[in-house]
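Here's the structure we're looking at; comments come further down.
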Amino acid sequence: MRVLVTAGPTREYLDDVRYLSNASSGKMGYAIVRAGLELGWDMVLVSGIVDLRPPSGCEFHSVVTTEEMRNASVELFGSCDGVIATAAVCDYKPKERVTGKISKTGDPVQLEMIETDDVLAELGAKKQKRWVVGFALEAQNPRENALQKLRRKNCDLIVLNHPSAIGADSNSVELINASGETEQSWSGSKTEISKELIQWLAKRVV
Ligand code: CTP
Ligand code: CA
């Protein structure tokens, strides 16, 4: 079993020094990689910049922007049996990246933003026999929105969690299948939840 995991935030630069991002710590993805390694799986980690050491024994690919995460993930997915997408991808990027540094003028600034590549949707569209597990971070109508995401991105399963999980050590999640049924609910540390998820997948997908 060889599994791709995307983790952490991506950054989108306005100029050479300023960027948009989010507070993702990468803890969930790194815990999933450790849980997979413990089961003897080959784990391939594509991670945005986080303050964590890559688990020893995994194949580690460091990326910064969404485009880099997309390129690395699409290439590596070909040699994997499945993907677990925990990354908190920066959803928008400035339409143009300025070379150098934008100077302040004292006036308000307007930025034109466009959507970034959807890494998981592209992997879902290319999955063929591979399995695809997404994460969904929902503030409103959590189950409906998570199921819509599962379908839009052609996932087999989606792990629903709440914005309070961002950066935290613990989490409370629901594993939802393609029929919209809750297969499992887990609460606890991200390490505990990761072990439960990997053990559940090991019974279903191996
Ligand atoms: N994802 C991705 N590429 C993106 C956006 C999201 O691969 N550009 C993945 C995330 O890693 C996660 C899933 O898609 O596995 C859902 O991410 P989420 O942020 O909850 O959903 P979005 O589709 O980005 O929609 P929104 O943020 O508007 O709710
Ligand atoms: Ca998003």
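Excluded from the calculations below are hydrogen atoms, water molecules and symmetry mates; all remaining heavy atoms, backbone and side chain alike, are included. Ligands are counted one by one from 1 in listed order, and the atoms in each one are counted from 1 as well.
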Does Glu122 have a heavy atom less than 4.0 Å from any atom of ligand 1? no
Would you mind checking if Lys93 and Glu67 are paired as a salt bridge, meaning a charged N to carboxylate O distance below 4.0 Å? no
Closest heavy-atom approach to atom 3 (N) of ligand 1 among Asn22, Thr66, Thr6, Val119 is made by Val119
N-O pairing of Asp118 and Arg70 below 4.0 Å: no
Lys/Arg N to Asp/Glu carboxylate O, Lys127 vs Asp156, below 4.0 Å: yes
Can you tell me which residue and heavy atom of the protein come closest to atom 26 (P) of ligand 1, and the distance to 0.1 Å? Lys149 NZ, 3.9 Å
Ligand-residue contact atoms, ligand 1 with Asp117, heavy atoms, under 4.0 Å: 3 (N), 4 (C), 8 (N)
Suppose I only count heavy atoms of Ala136 and a 4.0 Å limit; which atoms of ligand 1 are within that range? 20 (O)
Determine whether the side chain, the backbone, both or neither of Glu115 has a heavy atom under 4.0 Å from any heavy atom of ligand 1. neither
Nearest option to atom 4 (C) of ligand 1, as decided by whichever heavy atom of Val89, Ile158, Leu120 sits closest: Val89
Shortest protein heavy-atom distance from atom 11 (O) of ligand 1, along with the residue and atom involved: Ala87 O, 2.7 Å
Under-4.0 Å heavy-atom contact between protein and atom 21 (O) of ligand 1: yes
Quick one: does Arg152 get within less than 4.0 Å of ligand 1, heavy atoms only? yes
Which atoms from ligand 1 have a heavy atom of Ala85 less than 4.0 Å away? 11 (O), 12 (C), 15 (O)
